[in-house]
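What follows is a set of notes on a single structure, which appears directly below.
We use all heavy atoms of the structure for the numbers below, so side chains are in, but hydrogens, waters and symmetry mates are not. So you know, we letter chains A, B, ... as the sequences are listed, proteins then strands, and number each from 1.
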Amino acid sequence: SAEAKYTIGVSNTVQGNGWREEMICAIKAQALASGEVTKLNIAHRNTDAAGQLEDIRNLISAKVNAIVVNPADPAGIMSALEEATKAGIVVVAVDQAVTEPSAYIISNNQEQYAYLGAKWLFQQLGGKGDVVYMRGAAGASADSDRDKGFKKALAEFPDVKVVHEVFTGWQQDQGKQQILDFIATGSPFNGIWTSGIDNVIVDALVESQTPLVPVVGADNAGFVGQLNSVEGLVGAAVTNPGSIGGAGVTLALQILNGKKPAEQTVLVEPQLWENATEEGKAKLKSVADPSLSPEWPVSISIPEWTTYTKDQIIACKGPGE
Amino acid sequence: MTRLVRRQGWVAGLLVLFVVLFVITRLIQPGYGSGDFGSLVRAVLPYAFAVAAQTIVVIAGGIDLSVGAMMALTSVTAASMMDGASEEYALFVVPFVLTMGLVLGAVNGMLIVVTRVPDIVVTLATLFVLQGAALLVLGAPGGAVAEWLRATIVGTVSIPGLPGISAWIPKALVLLVVCLCIIWIPLKRSKLGLSIYAIGSSELAAFRSGVPVARTRIIAYALSGLFAAMGGLALTMSTGIGAPIPGPYLLASVAAVVLGGVALGGGKGGLLGPIVAVFVLRLVRTDLTLLAIDPNVTAIIEGAIMVAVVMFGAFITMRSRPS
Amino acid sequence: MTTNPLLDATGVVKTYGAVVALRNASLSVLPGEVHALMGANGAGKSTLVKILTGAIRADAGHILIRGEARDVRSPADARRAGLLPVYQEPSLIPDLDVASNLRLTDTPVEPFRAWVRELGIPDLDIRETARDIPLAVLRVLDLARALAVEPDVLLLDEMTAALPANLAEKVLEVVRSQGDSGRSVIFISHRFVEISALCDRATVLRDGETVGVVAIEPGVEERIVEMMLGARIEKTRVAARQASQAASPGDSRPRLGVANLRVGTKLNDVSFDLANGEVAGIVALEGQGQDELLAALAGSIRPSGGTIEVDGKPVKFAHPADAIRAGIAYVPGDRTEALTMQRSVRENVALPFSSALRNWGPINMAQERSRVVSAIERLQIDTRAQREVQRLSGGNQQKVTIARWIAAEAQTILCFDPTRGIDVGTKQEIYKLLRELADQGKSVLFYTSELEEVQRVCDRVIVIFGGRVVDVFPVELADEPALMRAAYGLPCGAKEDVGILADIHSSPVAKP
Amino acid sequence: MSNAATVSQPVPFGRRLKRFMADRPLIPLIILLVMLVVILQILRPGIVNERWLANTVKFAIPLAILAGCQTMTMLTGGIDLSVGTVATMSAFIMATQVVNHDPAVAILIALVPAVLIGLVNGIGVGVFRVHPLIMTLGTSLIGTGCLQVYQRTVIASGAKIPPFLAWLGTGLTYGVPNALLLFVPIAVLIVFTLRRTGFGRLLYAVGDNEGAARLSGVRYWQVITALYVISSVLAGVTGLLYIGLIKAPSLSLAEPLVLPSVAAAVIGGTSIFGGRGGYTGTIIGALILTVLTTLLTILQMPEGARRILFGLIVLFVTAAYLRIIEDR
Ligand SMILES: Nc1ncnc2c1ncn2[C@@H]1O[C@H](COP(=O)(O)OP(=O)(O)OP(=O)(O)O)[C@@H](O)[C@H]1O
Ligand SMILES: Nc1ncnc2c1ncn2[C@@H]1O[C@H](COP(=O)(O)OP(=O)(O)OP(=O)(O)O)[C@@H](O)[C@H]1O
Ligand SMILES: [Mg+2]
Ligand SMILES: [Mg+2]
């Protein structure tokens, strides 16, 4: 299956965020690396579920063979996905699940993402202490999924208390101001869980000369670098690979080539990299990548699912570019 | 004649632009047909209502920054009320939500009148308030919609004997035209409509002409709220859920209002222009997707088109101005 | 007094912060009476009209309408009570056409049309947008709109100020007939000719206080002036121009040379010279192209043909800045076109100082202050509400538009009806000022809608009709009938001198 | 000449107080600010300390500079919605260029797009008479697109924050934020420009009545072009300062500051219709918004309720302020 024959449509509804940019680059790189894609139609802008319906329908009009979609909302784009399937288009949702039964899903497990990090943090605190809970954007479905995971872990540690819960809106400046404000109140806290706005939190702790507490974040290059270099910082990065987009392309091509997966849903389980143990430190050192843009997750590929090289994803070029 | 050209020339130009774009679309994608047009109209629907909401306050000399948030609030309210409820219950939900939009819009207007704070600040404040309320109604996207409501914007009308034409009349278009005309046409013909134009054109002159300025302003905002509620319902109808984070409707509505020939100072323009402008903007989006243009470049193109069209408009008015 | 007053206001007070607009004003109007409301600029006339018609609320005072106390809270209320104002500024909605404006105020269209014709505008298109209609016509439409609903009391605030002679006459005729048919009119004007020809009684305001009510009879003007101006009374009057005083154009090169100037369809072929030290008056009926002429000379619009020379050098103005650099300043007729209403008097006067790119830097505040203050003093601007020009009275705003160019020391000033809405005392000041400027070697081109002003200030008269110069003659030949005839395109002939306060019985109302 | 008639009878204390404040509009604004701080202190005793003050000032400064851009453009009846994009662009470009270049060179490179966008804005608004809202919205879309394209070329080069900017952005000297070293001169310059220079006068004049300004010899396009370039450059400088404060370059770094910058200018008493307002009020407006954000962060309540409260307080503050200064 070496000759290029498919066009793939992509729909994404958040622009200007490192994670999503990596996802798009992974899609492009994987499409190029696979050699089976002639053209990518990418709809990539800031919009809501209704806007994504529009984009998906435009992709149907463009008669693509498959659509890789990062859903703005699991249920909100059902009707367009159904229309796509009816038109014989393979639909693969990445990053988050969708409710449309005919769609295939390859997703980071958001609930597990939060659960893993929170559990590590609570254990680190010895099952007891005050935690600052810095969430994502209020009303976003990924945030509410993560909240479920966080609450699940919290239920397992009855002596851990959330002293401060706040929405960063996944904005670094907001996150930084919020933690500085909180530090200024003088309230004691023993750990911080963040929904991916992580390196500015560490910065804030360092700048305000507050004793460092364990911090959980995502595998963003900047934060991973801090875990390796900041003196006295204990923390963990939970992987949330943006390269899931590339995996979505692989899955779509497999289906187009007649290799359907056993299950409609394929979950990519997050990993946790911490620097509390020697073993963990070694792992963190090996994954760190200071040359990468600090907002990009360092897990730029997913074994078994992506075949592009680092140069290819960094070049961020799709077929025909 | 020249007066007609002067008044309707911009709208006519936009219509021509739309037709040209449509032809281009068929050239890019020869199979682009009635079904795809239906998709376009469904995409237009929430924007069109947002734009109608914005148009009416802009004509009245104001601006409504809370349009998107109002749509979000009405959408989550509708979706959460219909969640798990019977199909018939929606018959109650729709008027309830529309009334809610009307009342909240009126509150916007009253706040402006009573506090005498400029519209832009009041509606910026209510933007936060409505957004907050939406988050309290639904913390995350969810809810449901009655099947019959969803069906009102799917498919096309059937005109017996004219299958060829009726395929080109999506139900969503009918809904849009009916909803807009049912309010706009009587309004345009009424003294109230004149009063709205009057306060937008010159508040002092309107007051001195005996126009009840405060009441008219409140009504303009109430109608804006009503249109925004329609937009919120349209969102719920097309997505089947309610989402508490507002979509990109605020800036889009302002852009379409200006593209549609409504002066941001107030008192000038109609509803048709902005509605056509919305169709144009959506079709541009479609073409960019069909052309598989680099997604980052599309932002540049969209921005450039917006600026270029308005510049062009400014340029021809400059040329046609008697020297 | 046998009849009861139709409208009776007593003890009206209105303050704006520290400014007292009305201290203790009263006004009583009988049925069928044309009642003049007089006072210097800023005396509170407009404020009183606004209060009577509900446009603003008084701080204190009693208002009785037909003997009953009525709470007039808005112009709509006043309208229901039979009080209809025509304010100093046009109140048609700019972006609506005339027909919609009528509908908005529930004005019947046919009577309106009839009144418009009566008032001397035969061919009005009511689909025309108000914004596109010239100011003078707008004022007439405002009046016609008020007349069409047959009000009991008509309140006219400087109705005739912006009107050319022909339209003003019509207005006076109509107002007189209103009085004759038993309705009352409150008439505000700074023109004694009109007052004496029209009014039965006059209420005089000074500094927000009613200082007297007098019956209009021959010779009463001096008394009114005294009451109006109080301590401020001006004894110095500018004498009518004498032939001996006419500037001798010793300088061969004219300051401004205009040849075959054309602007669109409005102005065809205008040629004349303006010498240094000369005040030339332009006489024209409404809309004969005088607006375009001054605007073109000021660089505000571009001529479509002809040449303009300044000091013998041909110039082309692409922007008013070019004209200003050539020393030509323009005072437009509509003060709202010339003023930044939310800014202070000082900033308005000083505006031209910083317009050029090289003057964008730091301002020498002391120097600016002294120049501004001397200009303000020269024009006697009432500076009580100087923080925002919009709070000045209409006449004082008018003065600011002129003060700006006095301060900027412009060599040539183009004035479009500069005494519009200015009280008698100040008018004399302005005449004197214009003459002084001429004596300093500056030149003035001066369009006025009040023909008698021509004799007071001008050296020469340029008559424009249908976009052409039809006549140019020295001021000695310019008496009022001659000017009037010339303005209608008829050849000129000599007549005896007529002054403002000279002889009220030879008023222009009765003709032609 | 002026028969200066002031009310002679004794004025009640309330009115005198009101008039006193109306003449000094900064005082009520400062009182509102202090009130918010007091409420904060009551809700969280001890929070108002030196460290908190420094943090508040640090975060208020970038907002205040951007609000300065809005103040100046609003005086002419305009608005500059591209400041967020411009600040983000210059921050991101500087952070990625500094990897290969000298910081000074990187900063110069970073300010080029700011100047360009300002120039385009100015020409669009000043020459082609495009409504500023549309013009700046359009250029900010274009700028964002360009930044995205640029971003793809520097994915592998990483980013760095020059220590000097980090010092300026986050550092304290004797407990006083170093950022004031940049802000105080900028603020003084803006205030001086608005009050005492010809350019400042023209901003007010053009915003109040463009026709009148024209008749006085003002060339609109010159004023507007200069204004938007200045506004953009200020936004670019803000971006550099802001990246020093946040230390994490992202593609949407300063976007969240755009609406608050408009709000700060309006709260500070600048009219969005042009012709009136000033910068000192805006600075307090920015402080009020920053304190308000803190207040709401500290309050433990659902996010929805927090936003509702934010909206209500902004409305209340503006309304109260207008009430106090209206009868000037
Ligand atoms: N959304 C719509 N869809 C279809 N037709 C519409 C829509 N909105 C308005 N119309 C129709 O277009 C006509 C023109 O509407 P518009 O709002 O532009 O009036 P207008 O141009 O302001 O009128 P006028 O020329 O009198 O000022 C209306 O009479 C109406 O019948
Ligand atoms: N809104 C306002 N704020 C402050 N002062 C005001 C305001 N309106 C009017 N005034 C002041 O009230 C006084 C009376 O003004 P008014 O307009 O009634 O004068 P007027 O008699 O009509 O004068 P003119 O003949 O020049 O039109 C003036 O001193 C004016 O400055
Ligand atoms: Mg129209
Ligand atoms: Mg007056």
Side-chain angles (χ1 to χ4, degrees), chain B residues 61 63 65-66 69 73 111-112 114-139 244 250-252 254-255 257-259 263-265 294-315 317-318, chain D residues 74 77 79 81-82 85 120-121 123-125 127-152 259-260 262-263 266-267 271-273 301-323 326:
Chain B
I63 192 159
L65 299 187
S66 69
L73 176 60
L111 285 175
I112 292 166
V114 172
T115 61
R116 280 176 276 161
V117 172
D119 322 50
I120 196 160
V121 188
V122 171
T123 55
L124 181 68
T126 46
L127 173 151
F128 285 105
V129 173
L130 296 177
Q131 236 179 47
L135 278 172
L136 291 182
V137 175
L138 269 186
L250 169 60
L251 288 182
V254 177
V257 162
V258 177
L259 281 183
L264 275 178
D294 178 336
N296 297 316
V297 178
T298 58
I300 303 177
I301 295 178
E302 279 182 319
I305 287 180
M306 209 161 82
V307 170
V309 170
V310 178
M311 263 195 194
F312 173 75
F315 182 69
T317 42
M318 248 192 269
Chain D
M74 273 160 60
I79 194 164
L81 294 185
S82 67
T85 302
V120 173
N121 281 340
I123 291 173
V125 177
V127 178
F128 290 93
R129 306 300 177 116
V130 179
H131 194 285
L133 200 88
I134 294 295
M135 191 66 218
T136 55
L137 195 62
T139 49
S140 93
L141 267 179
I142 296 172
T144 307
C146 292
L147 187 61
Q148 301 253 352
V149 174
Y150 168 80
Q151 175 261 155
R152 279 206 260 121
L259 276 187
V262 176
V266 176
I267 290 177
S271 157
I272 51 173
F273 306 111
M301 55 167 73
E303 180 65 15
R306 237 178 238 164
R307 293 198 191 174
I308 293 180
L309 207 58
F310 181 82
L312 291 179
I313 295 178
V314 166
L315 185 59
F316 172 79
V317 167
T318 325
Y321 178 54
L322 283 185
R323 261 304 126 79
E326 72 188 347

Check: Is any side-chain heavy atom of B:V122 closer than 4.5 Å to a side-chain heavy atom of D:L315?
Finding: yes
Using non-hydrogen atoms only, which part of [X] is less than 4.5 Å away from chain B: side chain, backbone, both, or neither?
X: D:R306; result: neither
X: D:L133; result: side chain
X: D:T144; result: neither
X: D:L312; result: both

For the backbone of [Y] and the side chain of [X], can you confirm whether one donor and one acceptor N or O come within less than 3.5 Å of each other?
X: D:T136; Y: D:L81; value: yes
X: D:Q148; Y: D:G145; value: no
X: B:S66; Y: B:L127; value: no

Next item on the list: Kindly give the heavy-atom pair with the smallest separation between D:E303 and B:L135, and that separation in Å.
Entry: CG-CD1, 3.9 Å
Residue part contacting chain D, namely of [X], when any heavy atom lies under 4.5 Å:
X: B:V254; result: both
X: B:L111; result: side chain
X: B:L251; result: both

Notebook entry, point to check: Do you see a donor-acceptor pair shorter than 3.5 Å between the side chains of D:T139 and D:N121?
Noted result: yes
